[in-house]
Amino acid sequence: MISIFKYGEVPNEQIFSRMNPGINVQETVSEILKQVRTRGDAAVFEYEEKFDHAVLSSLLVTSQEIEEARSVVDPKLLSIMEKAANNIRRFHERQVRPSFIINEEEGITIGQKIIPLDRAGLYVPGGTAAYPSTVLMDSIPAKIAGCREVVITTPPNRDGKINPAILAAASVAGVDKIFKVGGAQAIAALAYGTESIPKVDKIVGPGNAFVAEAKKQVFGLVSIDMIAGPSEILIVADGKTNPYFAAADLLSQAEHDKMASAVLVTDSMELALKVRDEIERQLQLLPREEIARASIENNGKIIVADDLKKSIEIANEIAPEHLELCVDAPFDYLSQIRHAGSVFMGRDCPEALGDYFAGPNHTLPTGGTAKFSSPLSVDDFIKKTQYTYYTREALSRAAPDIAVFAEAEGLNAHARSVLCRMEESEK
């Protein structure tokens, strides 16, 4: 059963604690990375057989396999994917930023170029559940950014097949290549490149502890989006909130995995008690009851605060991945939210809306990192190059100041590189 805490009556460590997964995979992942780096495809095939129990003859998904997947996916689901993709495109197209140029002073031109990454690699989970929604959320921003190539890795089943919905979503999003590989070996292949899988510039997408550790270890060789932890939801709710809805929303995240975090913060003890009872009732109806119950018992909590102001302070301290504002006039409170991956406004805006359909991205910072991190966006798939142009006359105006600054730092060669040009001009 979910625990109820009265804020101020228990230590803050209990209020803000997160359960440690208690799994150390560093050495295992390090060995996988080493093997894939040195042996390429051969190591990938071996690890796929060992971990995914799939004996593969090829890693690349063929166009025929993609067409077959589209043919077996429910046409209604395919149509919904197209609608969702349009919503995601509409939102992320607003994120595109232009290059700029400044030439306000005579003889001086400075500017910044926005350049898409050449190749992006997307990891799509395929373990306890398959997530075609992640395909859309991760690949569409990369395409909008202008990446020359977008590739996906996702684990196959025992028959060497990829979930048809994942392949259909990749087709809808315009993904260039899809590879049958999961786990840390997929991250290694994307980071180092193999005979079949191209080396990418950035790896994005969620995964299990092995995937997260692999991303951490290859960071620097390639860029990554974030180290994603277990999924989280925090609901700030007043006493008018329907406990049935609140319990359903909390369980929508609890069913992800046993380490997921579901938290309700409210100013109403009456609501807290009703939600606790409703969670217990709804748990028994879930096909993934075992997973959701473990999540609720490990990381679930209901925090009762004195008022909504304190509730929002608690939410900012926790900095959740998903934050629901189940209150009247939610836009009155939005300016007070400083730390959250994605905010869902009002009583009829469940987090699941963001997972699948609304358009804002669902790849979000977890584990409190929303205090300094942002949702996946078009910005994740670009880089910026700046440039400077000075005429000789413009440089001469700035030269004395540059020389003084350089010499103050003890870098006389810096100063000399500017002053020598001035001396040459005076000859």
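Values below: every heavy atom of this structure, side chains too, minus hydrogens, waters and symmetry copies. Just so we're clear, the structure is a prediction, and the values are computed from it rather than from any experiment.
Closest heavy-atom contact between A173 and I140: CB-CG1, 4.0 Å.
Looking at Q185 and E48, their side chains do bring a donor and an acceptor atom within 3.5 Å of each other. Judged by distance alone, the side chains of T62 and E65 do bring a donor and an acceptor atom under 3.5 Å apart. Side-chain N/O atoms of T385 and Q112 include no donor and acceptor closer than 3.5 Å. Under 3.5 Å, the side chains of T363 and D138 contain a donor-acceptor pair of N or O atoms.
Atoms OH and CZ, on Y123 and F179 in that order, are 15.0 Å from each other to the nearest 0.5 Å.
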Side chain to side chain contact (heavy atoms under 4.5 Å, CB included) assessment of L122 paired with V135: CA-CA 8 Å; L122 318 179; V135 176; over 6 Å; no
Step-by-step side chain to side chain contact (heavy atoms under 4.5 Å, CB included) determination, R293 to E280: CA-CA 9 Å; R293 186 175 293 280; E280 189 60 31; 3.0 Å; yes
Step-by-step side chain to side chain contact (heavy atoms under 4.5 Å, CB included) determination, I114 to S99: CA-CA 5 Å; I114 303 298; S99 301; 3.9 Å; yes
Side chain to side chain contact (heavy atoms under 4.5 Å, CB included) evaluation trace for I337 with L325: CA-CA 10 Å; I337 302 299; L325 281 178; 4.2 Å; yes
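R119 contributes a side-chain N or O that, together with a main-chain N or O of K199, makes up a donor-acceptor pair within less than 3.5 Å.
At a threshold of 4.0 Å, the pair E313-K310 counts as salt-bridged, since one of the basic side-chain nitrogens sits closer than that to a carboxylate oxygen. Ion pairing between a basic and an acidic side chain is recognised when a charged N comes within 4.0 Å of a carboxylate O; K258 and E297 show no such pairing. Of the charged side-chain nitrogens involved, none lies within less than 4.0 Å of a carboxylate oxygen, so that D201 and K383 do not count as a salt-bridged pair.
Screening residues 334-352 for side-chain hydrogen bond (donor to acceptor under 3.5 Å, both in side chains) gives D238-R347, T241-R347, Q253-E351, H322-E351, D328-R347 as the qualifying pairs, with residues at least two apart or on separate chains.
Across L376, I144, D379, N87, a single residue satisfies side-chain contact (heavy atoms from CB on, under 4.5 Å) together with H92, and that is I144.
For the pair I224 and V204, the minimum side-chain heavy-atom distance is 4.5 Å or more.
When the shell of 6.0 Å around CZ of F357 is examined, it contains more than 12 heavy atoms from other residues, nucleotides or ligands.
Applying the side-chain contact (heavy atoms from CB on, under 4.5 Å) criterion to H53, with sequence neighbours excluded, gives R158.
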